[in-house]
Structures are given as C-alpha cells and as structure tokens.
Trainee: 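Attaching a single structure in structure tokens format; questions to follow.
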Amino acid sequence: MKEIALYFASSNEGKLVEVRTMLEAAALPICVLSAKTAGGMPFVEENAPDYIGNARLKARALKASLGKDAWVLAEDSGLEVDALGGAPGIHTARYGSPDASSLVKCAELLAEVDERSETNRKARFVCVMILLTQDEEYIFRGECSGTLARNMLGEQGFGYDPIFIPDGHNTTFAELGARVKNKISHRAQALNALMGGLHSLTHLQ
Ligand code: ITT
C-alpha cells in the first residue's frame with residue numbers, strides 16, 4: 001500500500017513529537033512530515049473565534065503552499081481554567097508575558113488563579129484537529145479534564161504540562177511523561193478519532 005505523506009501544520013515542536021509518536025505507533029501507511037520539511041510554517045494570524053476556525057486557518061495556509069493533492073493536519077488547542085472564566089482557552093499560546101518562557105507562563109497563570117482566592121482549580125485541555133485530504137475536510141476534537149497543581153512539577157512535555165494534573169492521577173502531565181500523556185490527553189483523544197477515520201481513508205487510496 002502506498003504511504004501517504006501527512007504534513008503537520010504547526011511550529012510547535014512539542015505537538016509535532018506527540019502527533020508523530022502517536023500516529024507512527026498506529027501502524028497506518030502514514031508518514032508525518034513537519035511544516036519545516038515543506039519550507040516552514042507560513043505565518044498565520046490566529047484570529048478566528050474558535051478552535052475549529054484557527055485550526056482551519058493553519059491547515060489551509062500550509063496546504064496553499066503545498067498544492068491541492070497534499071494531506072495536511074493542523075490543530076488548535078488551549079487550556080481552559082474555570083477560575084478564570086474559561087481563559088486562556090483559544091488565546092493560550094499568546095497568554096501571559098510576551099516572549100516569556102513556558103515556565104514563567106506557568107508561574108504567571110498559577111499566580112493569577114491564586115490572586116482570585118478561588119478554591120475551584122478545575123481546568124481542561126481542549127484540542128481540535130482539522131485534516132485536509134485532496135478534496136475533503138475532517139474535524140476531530142478531544143478534551144482532557146483535570147485540576148491545576150499548586151506548584152510546577154515535572155520536566156517532561158511542553159507548555160502548561162507542569163501545572164496540569166489530569167483526572168484519575170495525582171501528578172502533572174510533566175511528571176507522568178509521554179507514555180501516559182499520549183493515552184489520555186486532549187491530543188490523544190482527537191488523534192484516536194482521526195485514526196479511526198484514517199483507517200478507512202487510507203484503505204481507499
Ligand atoms: P501552532 O499554532 O504552530 O500549532 P501553538 O503553540 O501556537 O503552535 P496553539 O495556538 O494551538 O499552538 O496554542 C496552544 C497552546 O496551548 C500551546 O502553545 C500551549 O501553551 C498550550 N497547550 C496545548 N496543548 C498542550 C499540552 O498538551 N501541554 C501543555 N500545553 C499545551
């Protein structure tokens with residue numbers, strides 16, 4: 001069976017590693033290629049009102065530079081914190097001090113929640129993926145509920161992983177590591193739905 005090149009429309013290295021690891025473990029005739037291998041991720045102003053819209057903007061931008069036959073996958077994700085009224089949500093990538101490291105941004109978010117003297121520490125990661133094949137668009141969604149840790153813990157993963165404790169666990173994503181995170185995360189759930197769809201799509205090739 002012919003292998004399909006699937007371009008991942010993202011400049012986030014952490015996302016790429018997770019998506020590649022999960023898709024390659026699925027034994028599908030798919031090879032995940034980074035946007036770098038396609039000349040770099042085009043600049044996209046993520047100004048859509050929701051995750052779907054932003055994921056679509058990224059997918060279409062890369063597809064436009066690759067041509068109509070290319071298969072492109074993009075995702076938009078975010079952390080929704082109850083104590084912040086659901087923020088940062090779709091604005092997660094741009095939340096906190098501009099140009100600050102992920103660790104500083106984690107600390108800033110915890111401080112903001114603490115300032116509100118909120119006892120509710122519930123939060124969730126959301127991920128929406130858009131797959132563009134030759135002619136079709138497919139949408140997949142995943143969500144992972146949890147609580148915010150009191151302090152940053154763990155060194156694995158990326159972004160807000162050191163402060164997010166998924167439900168059913170006592171440690172953060174950054175402590176749990178990829179083996180556990182890739183079974184339960186918002187991205188894993190969206191990808192599981194996508195992989196179900198890919199089984200039938202790749203058999204049609
Ligand atoms: P691309 O748009 O290039 O894909 P990005 O990092 O800007 O990369 P988003 O706009 O989707 O991606 O922003 C999502 C942000 O949410 C991301 O930068 C992280 O701060 C956070 N995030 C999403 N998934 C996460 C995860 O699994 N672990 C930790 N933080 C995550």
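Quantities reported herein were computed from a predicted structural model and do not represent experimental measurements. Order of listing sets the numbers, starting from 1, for every ligand and every atom in it. Scope of the values below: all heavy atoms of this structure, side chains included, with no hydrogens, waters or symmetry mates.
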Trainee: For ligand 1, find out whether one of its N or O atoms is nearer than 3.5 Å to an N or O atom of R94.
Mentor: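 No, R94 has no N/O under 3.5 Å of an N/O on ligand 1.
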Trainee: If hydrophobic residues (ILVMFWY) are linked whenever their side-chain heavy atoms come closer than 4.5 Å, directly or via other members, who joins M152 in its cluster?
Mentor: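 L79, V81, L84, Y95, L103, L109, L110, V113, F125, L148, Y160, I163, F164, F173, L176, V180, I184, which link up through side-chain heavy atoms under 4.5 Å apart, make up the rest of the cluster.
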Trainee: Judged on heavy-atom distance to atom 7 (O) of ligand 1, which of P162, C127, A93, S77 sits nearest?
Mentor: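 Residue with the shortest heavy-atom distance to the ligand atom: A93.
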Trainee: Please find the pair of heavy atoms, one from L153 and one from A174, that lie closest to each other, and give the distance.
Mentor: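 Scanning both residues completely, I find the closest heavy atoms to be O-CB, 3.5 Å.
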Trainee: Show the atoms of ligand 1 that are less than 4.0 angstrom away from any heavy atom in N12.
Mentor: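 The list of qualifying atoms is 3 (O), 6 (O), 8 (O), 18 (O).
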Trainee: Note the single closest protein heavy atom to atom 10 (O) of ligand 1, along with its residue, its atom name and the distance in Å.
Mentor: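 Going atom by atom, the protein heavy atom closest to atom 10 (O) of ligand 1 ends up being E46 OE1, 3.1 Å.
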Trainee: When you measure from atom 3 (O) of ligand 1 to every protein heavy atom, which one gives the shortest distance, and what is it?
Mentor: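 The protein heavy atom lying closest is S11 N, 2.8 Å.
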Trainee: For atom 1 (P) of ligand 1, grab the closest protein heavy atom and report residue, atom and distance to one decimal in Å.
Mentor: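 The protein heavy atom lying closest is S10 OG, 3.5 Å.
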Trainee: With the threshold set at under 4.0 angstrom, would you say D161 reaches ligand 1 through any of its heavy atoms?
Mentor: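 A heavy atom of D161 does come that close to ligand 1.
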Trainee: If we set the cut-off at 4.0 Å for heavy atoms, which region of F125 has an atom near ligand 1: side chain, backbone, both, or neither?
Mentor: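 For F125, only side-chain atoms sit under 4.0 Å from ligand 1.
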Trainee: Of R141, K15, H186, which meets side-chain hydrogen bond (donor to acceptor under 3.5 Å, both in side chains) against E75?
Mentor: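 Considering R141, K15, H186, a side-chain hydrogen bond (donor to acceptor under 3.5 Å, both in side chains) with E75 is found only for K15.
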Trainee: Measuring from non-hydrogen atoms of K58 to any atom of ligand 1, is the shortest distance under 4.0 Å?
Mentor: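 For ligand 1, residue contact (heavy atoms, under 4.0 Å) with K58 is present.
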Trainee: Students should be able to answer this: which protein heavy-atom is nearest to atom 12 (O) of ligand 1, and at what distance?
Mentor: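 Nearest neighbour among protein heavy atoms for atom 12 (O) of ligand 1, to 0.1 Å: K15 NZ, 2.8 Å.
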Trainee: Would you mind telling me if ligand 1 is within reach of the side chain of R187, the backbone, both or neither, using heavy atoms under 4.0 Å?
Mentor: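 The part of R187 near ligand 1 is the side chain, not the backbone.
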Trainee: May I ask you to identify the nearest protein heavy atom to atom 30 (N) of ligand 1, giving residue, atom name and distance to one decimal place in Å?
Mentor: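 Residue, atom and distance for the closest contact: Y160 N, 3.1 Å.
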Trainee: Check whether E108 reaches the backbone of S97 with its side chain - one donor and one acceptor, N or O, closer than 3.5 Å.
Mentor: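 Yes, E108 side chain to S97 backbone: donor-acceptor pair under 3.5 Å.
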Trainee: Evaluate the side-chain contact (heavy atoms from CB on, under 4.5 Å) criterion for residues E137 and R60: first the C-alpha distance (whole Å), next the side-chain angles of each, then the deciding distance (0.1 Å), finally the verdict.
Mentor: CA-CA 10 Å; E137 174 190 279; R60 288 185 178 172; 4.0 Å; yes
Trainee: Would the number of heavy atoms belonging to other residues, nucleotides or ligands and lying under 6.0 Å from CG of N47 be above 12?
Mentor: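 It does: N47 CG has more than 12 such atoms within range.
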Trainee: I'd like to check which ligand 1 atoms, numbered from 1 as shown, lie under 4.0 Å from a non-hydrogen atom of T92.
Mentor: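 Near T92, meaning under 4.0 Å from one of its heavy atoms, ligand 1 has 15 (C), 16 (O), 20 (O), 21 (C).
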Trainee: In plain terms, say whether D135 and K68 are close enough for a salt bridge, that is, a side-chain N and a carboxylate O under 4.0 Å apart.
Mentor: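 Salt bridge flag = no for K68 with D135.
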Trainee: When you measure from the heavy atoms of H186 to every atom of ligand 1, does any distance fall below 4.0 Å?
Mentor: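 H186: in contact with ligand 1 (<4.0 Å).
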Trainee: What residues form a side chain to side chain donor-acceptor pair (under 3.5 Å) with T172, not counting sequence neighbours?
Mentor: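 Listed in chain order: E175.
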Trainee: Show me which atoms of ligand 1 lie under 4.0 Å from any heavy atom of D76.
Mentor: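 Heavy-atom distances to D76 below 4.0 Å select 9 (P), 10 (O), 11 (O).
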Trainee: Which ligand 1 atoms are under 4.0 Å away from a heavy-atom of G159?
Mentor: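 In order of number, 29 (C), 30 (N).
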Trainee: Does N120 use its side chain to pair, donor to acceptor, with the backbone of A83 at less than 3.5 Å?
Mentor: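 Side chain of N120 to backbone of A83: no pair is present.
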Trainee: Going by side chain to side chain contact (heavy atoms under 4.5 Å, CB included), Y7 matches just one of L73, L132, L62. Which one?
Mentor: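 Among the candidates, only L62 passes.
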Trainee: Under 4.0 Å from a heavy atom of K181: give me the atoms of ligand 1 that qualify, with their elements.
Mentor: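 The atoms of ligand 1 under 4.0 Å from a heavy atom of K181 are 26 (C), 27 (O), 28 (N).
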Trainee: Can a donor-acceptor pair be found, under 3.5 Å and without considering hydrogens, that links the side chain of R187 to the backbone of N182?
Mentor: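 Pair absent, no side-chain N/O of R187 close to backbone of N182.
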